[in-house]
Amino acid sequence: MSEQSQTAELTANQTYNAEHTNTNNGEHSVSYGTYFMVWLGLVALTSVTVTVAGIHLGSLTLITALLIAAVKTTLVGYHFMHLKFDNIIIKIFVMVCLGIFLCLWILTFADLSFR
Amino acid sequence: MANGSLAHEVSYLKYEGKHKGIAGWLLTLDHKRIGLMYLMAILLFFFVAMTLGILMRLEMLTPGETIMRPSTYNSVFTLHGVIMVFLFIIPAIPAVFGNFMLPIQIGAKDVAFPRLNLFSWYLYIAGAILAIVSLFTGGGAADTGWTFYVPYSIRSAQNVTMTTLAAFVLGFSSIVTGLNFVVTIHRLRAPGMTWFRMPLFPWALYATSWIQVLATPIIGITLALIILERLFGIGVFDASLGGDPILYQHLFWIYSHPAVYIMIIPAMGVVSEILPTFSRKDIFGYKQIAISSLGIALIGYLVWGHHMFVSGMSDASRVVFSLLTFLVAIPTGVKIFNWVATLYKASIKFSAPLYYVLAFIFIFSIGGLTGLVLGALSTDIHVTDTYFVVGHFHYVMFGGMGIMFFATMHYWFPKVFGKMYSEKIAIIACTVIIIGFNMLYFPFFILGYMGMPRRYYDYLPQFQGWHVLSTVGSWVLVSGIVFMFGNLLYALLKGPKAPMNPWGGTTLEWKVPSPPPLENFEEIPVVTGGPYVHDKPTYIMHPGKEGLNGNGVVKTANQENAI
């Protein structure tokens, strides 16, 4: 192995280690302000859920509640659970889970909507 | 974990580290010892549930009361189902042999999270203890059947709360094990072991683990809702409070149908290990078998509604679920055809594990084809809730997973314990088991077709002949099982020492001593080819000694100096 390629390998390792340390220590540059805004968003969405529950939307009531819950889950996963900082494989895992969850919804509603 | 050279020289059975004696087992972090602890617990529960099964068959020998009262019969079939499903079938192959073989087969020293692994065993034991305690407290053993259907499970005076709590705890054990395996397979494969160089048993475990991680939480929540419904009457499932009892069935089967694949996919993985070994050739259609495991796992997720064709579900969803059910046959058929093609023109060596595998293919095919009868809307209505369903279930579960559990024990027994058993007795026991199995369960198809309902304590006189045949079959089956375990137990105590590779296997577990040392490998091996290649070596077991680096490439002068 040439000296140049060894240097490149070392640099790559150091970069990896630096990123890894960052992740382990949770030193992502997220301000408290962002967390607070997300939290406010979650509280607002909860209020919307409660409000919508009191309005007679027929079969749309359940769908609306589930959609709001999905948005809240995304916010929690993305910001609080640091999905935005994770590498692609973790994001794929989450997408697979959400995809299957969506299938479960659709198939259950295929019963409820046509019963 | 151990240090120094001892850890890769001394057998895991003899190694004494920080803790000795029984503590050396109960506090072990070694995946092999944890696998064996699972084996002991699982076998204990298997024998308990088997005894309950024999008692049920004895009761059905004659119409009316034979040996127990109707309420006792309800509790006995519930316990038989709960113990067999949650304590034996689901964890048996993944928890015992997955734990033992997965790290070795992928060239790792242990699973990714050894402490979590031990924790999952304790969760399993805690769940089992709760199930046992539930028998003697709060009104007696649950009598709902293993499905805990509402509204009866909400209203039953028996101790349903604790039994569901037990299943809830057992579910967590399953999730933790699944999570551990997914991470282990992603992170700890040996250098050179690409996804398509991985043996098919780890592939099967990978598919299974995903189901465990994704589906088990749903049953956890559902069972928790049953408990809340019983304790506080929250009204999610109770129609009198505005709830939907069919929603319970949806949630229960969203987990419990994929759970059927948690049970069978690892068994299929072992079939794919045994066949190339005893065929002396590479497996036919490696990639197709690997991908079909994921295919079964994925489609298996979407077919749960076929358990509810007569529950009042909408017509639209019945058609959709029936169609999806038929689609599962495709990846399953891919496996069966590839297995048979592996045997074609092979140098077959007939040994006990192969006999079990051949029996599995035959029996599982009957189970699969009768599944199509149940998956088709019109025929399902005729046989639903009859002995036909019970027959189908036992053909796929016992004939599938159970028979393959026996095959697995025979295949890896020399590796796990370092002893050889009598092949002759093993083959005789296998034959007795297969005869007994078919005598016991095949009459169920006929009884079901004739209209004998499942879970009934009593029956009309015209059904008695088939019931007698079935009960006699249970005696034959149990004789074979006792014979088989007797043979293995004798081998454990007095069997001759097993060589490193008694069957001529090509995967990594056959490259380490029998039984394996504590840390499995002296050096992490380097993989250079597929897992079932018989005519050339595809593993470098001592890359360091052969002057190779961790990637199987010749070491450079700088690396040598660094070392």
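We name chains A, B, ... by the order of the sequence lines, and we start the count at 1 in each one. Quick caveat: nothing in here was measured; it's all calculated off a predicted structure.
The aromatic rings of A/His82 and A/Tyr35 lie parallel to each other, their planes meeting at an angle below 30°, with 60° marking the opposite boundary. In this pair, A/Phe109 and A/Trp105 present their aromatic rings perpendicular. The plane angle is above 60°, beyond the 30 to 60° band. Classified by interplanar angle (parallel below 30°, tilted 30° to 60°, perpendicular above 60°), the ring pair B/His306/B/His257 is perpendicular.
B/Thr177 places a side-chain N or O within donor-acceptor distance of the main-chain N or O of B/Ser173, the cut-off being under 3.5 Å.
Using a 4.5 Å cut-off between heavy atoms, A/Ile89 contacts chain B through its side chain alone, with no backbone atom that close. For B/Leu324, the part lying under 4.5 angstrom from a heavy atom of chain A is the side chain only. Within the 4.5 angstrom heavy-atom criterion, atoms from both the backbone and the side chain of B/Leu302 approach chain A.
Here the OH-CD1 distance, from B/Tyr255 to B/Ile218, works out to 10.5 Å after rounding to the nearest 0.5 Å.
With respect to chain B, the highest number of heavy-atom pairs below 4.5 Å among A/Val96, A/Leu107, A/Leu104 belongs to A/Leu107. Chosen from B/Val320, B/Leu298, B/Ile246, the residue pairing most often with chain A at heavy-atom distances under 4.5 Å is B/Ile246.
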